[in-house]
Amino acid sequence: MFIGYPCLNWSMNERPNRTFRLASYSDERFRETVAMNLRATEAILRWNLAEGFGYFRISSDLIPFASHPVCAVDWAAEFADDLARLGAYIRQHNMRIAMHPDQFTLINAKDPEIVARSVKELAWHACFLDAMGLDATARLQIHVGGVYGDHAASRERFVREFEKLPPAIAHRLTVENDDRHYSLEDCLWISDRTGIPVLFDVFHHSLHGDGRPVSDCLKQAARTWSKKAGRLLVDYSSQQPEKRPGTHADTLDDSDFSQFLAASKGTDFDVMLEIKDKETSARRALALAQSDPRLRKPCGKTERCKPSR
DNA sequence: AATGGTCAAGTCAGC
DNA sequence: GCTGACTTGACCATT
């Protein structure tokens with residue numbers, strides 16, 4: 001088990017998600033921004049290694065406007081060396097990487113143009129991971145979406161559209177249960193028909209699930225992950241008190257997380273803490289998991305990974 | 001320097 | 001048909 005946090009690190013003076021307005025786009029500005037974002041990401045991964053975090057979600061803002069027609073720069077070629085170096089670092093320390101294209105990525109949209117844009121969006125993410133030389137354990141997670149008032153039809157459409165995806169995307173794609181439309185059951189239904197591994201979101205399951213115990217869900221979701229796809233991925237969060245149901249907590253609820261660790265004992269996975277204060281909570285989670293035999297730390301290639309302590 | 005309106009992309013509910 | 005919510009950081013124009 002690796003513990004991770006998404007995209008940003010507030011305690012460092014690094015921003016891996018710098019962007020700018022479309023109206024002020026220029027190739028030069030694009031290049032500068034990508035270069036800064038890459039350097040920041042590299043710095044955060046170094047920090048993660050030192051702190052013991054083996055799992056990280058790389059920001060989709062790293063390459064701004066990557067799938068937009070305005071972007072004519074061949075960034076994968078221009079930054080090939082930087083990307084290869086970053087990838088080598090990740091592989092050397094056996095780190096786990098995921099990316100989460102945003103909610104407008106809908107391979108099952110009714111409008112074929114939205115589908116085409118979504119495929120382009122997924123394609124650049126896949127290209128980015130490819131350029132780093134990462135294998136299929138580096139995942140692209142998306143929600144099912146595209147409901148248009150008919151869950152069943154949309155679920156079917158997702159399966160059909162998946163079959164048409166280029167292999168470079170298909171072999172990295174992962175579906176995640178969401179908090180309003182598609183439960184774990186739905187994702188498993190899709191997985192049965194496509195072989196897509198299912199990322200289990202604990203918090204979403206509590207908001208939109210069938211009430212089944214987390215331990216059962218984890219076991220079911222884990223069965224959808226092959227050796228190639230890697231360990232099961234899990235998103236964890238808890239409810240921010242006094243806020244609309246579904247609002248992610250500002251900071252880790254220590255007792256809720258400890259209960260989750262206890263309840264999940266029978267399954268191994270990498271867990272992403274979707275908590276707003278990022279690495280602050282991730283550190284506490286790491287401390288709470290210290291005595292958990294599943295916990296691993298990122299390590300060098302030659303040195304065998306061992307459970308911490 | 002601080003502030004606040006607005007930002008590529010999608011869907012849905014509510015007017 | 002249009003607007004705002006969803007959700008959330010940050011750009012950027014304005015003060």
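The chains referred to below are lettered A, B, ... by the order of the sequence lines, with proteins before strands, and numbering in each begins at 1.
- Among the heavy atoms of the strands, none lies under 4.0 Å from A/G145.
- As rounded to whole Å, 12 Å separates atom C1' of B/dA9 from atom NZ of A/K120.
- Comparing B/dC12, C/dC12, B/dA8 against the side chain of A/H68 picks out B/dA8 as the nearest.
- Residue A/L8 has its side chain nearest to C/dG9 when only B/dA8, C/dG9, C/dC11 are considered.
- Of all nucleotides listed (B/dG10, C/dT8, C/dC11), C/dC11 comes nearest to the side chain of A/F20.
- Under the 30°/60° scheme for interplanar angles, the aromatic rings of A/H143 and A/H204 are found to be tilted.
- Between the P atoms of C/dC6 and B/dT3, the separation comes to 25 Å (whole Å).
- Rounded to the nearest Å, the gap between the P atom of B/dA8 and that of C/dA13 is 12 Å.
- Side-chain contact check for A/S60 and A/H125: at least one donor-acceptor pair (N or O, by modelled atom type) lies under 3.5 Å.
- We find that CG of A/D150 is positioned 11 Å from P of B/dC12, with the value rounded to whole Å.
- Listed here is the closest heavy atom pair of A/L134 and A/R172: O-NH2, 2.8 Å.
- Here the C1' atom of nucleotide B/dA8 and the CD atom of A/Q103 are 11 Å apart, to the nearest Å.
- Nucleotide C/dT15 is matched to B/dA1 when pairs are restricted to Watson-Crick or G-U wobble geometry with both distances under 3.5 angstrom.
- Contact of the A/V119 side chain with the A/L165 side chain is registered, since non-hydrogen atoms from C-beta on lie closer than 4.5 Å.
- At whole-Å resolution of the value, CG in A/D102 and C1' in B/dC7 are 13 Å apart.
- A/V147 comes within 4.0 angstrom of the backbone, heavy atoms only, and of no base.
- What separates CH2 of A/W124 from P of B/dA9 is a distance of 17 Å, to the nearest Å.
- Here B/dA9 sits opposite no nucleotide as a Watson-Crick or G-U wobble pair (both hydrogen-bonding atom distances under 3.5 Å).
- Figure legend: A/R117 and A/F104 shown without cation-pi pairing, the cationic atom not lying both under 6.0 angstrom from the six-membered ring centre and within 45 degrees of its axis.
- Between A/R29 and C/dC12, a side-chain N or O to OP1/OP2 separation shorter than 4.0 Å is present.
- The partner of C/dT8 cannot be assigned: no Watson-Crick or G-U wobble pair with both contacts below 3.5 Å exists in any strand.
- With both ends at atom P, the span from B/dA9 to C/dC12 equals 16 Å, rounded to whole Å.
- Note: CD (A/E121) to P (B/dG10) measures 11 Å, nearest angstrom.
- Atom name P, nucleotides C/dT8 and B/dA2: the rounded distance is 26 Å, in whole Å.
- Across all strands shown, A/S118 has no heavy atoms under 4.0 Å from either base or sugar-phosphate atoms.
- Closest approach to the A/S24 side chain among B/dA8, C/dC12, B/dG10 is made by C/dC12 (side chain taken as heavy atoms from C-beta onward).
- Rounded to an integer number of Å, the gap from NE2 of A/H248 to P of C/dC6 is 14 Å.
- A/E14 has its CD atom 17 Å from the C1' atom of C/dA10, to the nearest Å.
- Across every non-hydrogen atom of A/T174 and A/P197, the tightest pair is CG2-O, 3.3 Å.
- Stacking between A/F104 and B/dG10 is absent: the aromatic ring centre is not both under 5.5 angstrom from the base six-membered ring centre and within 30 degrees in plane angle.
- In this structure, A/R180 does not reach the B/dC12 phosphate: none of its side-chain N or O atoms is under 4.0 Å from OP1 or OP2.
- Between the side chain of A/R21 and the base of C/dC11 there is at least one donor-acceptor pair of N/O atoms closer than 3.5 Å.
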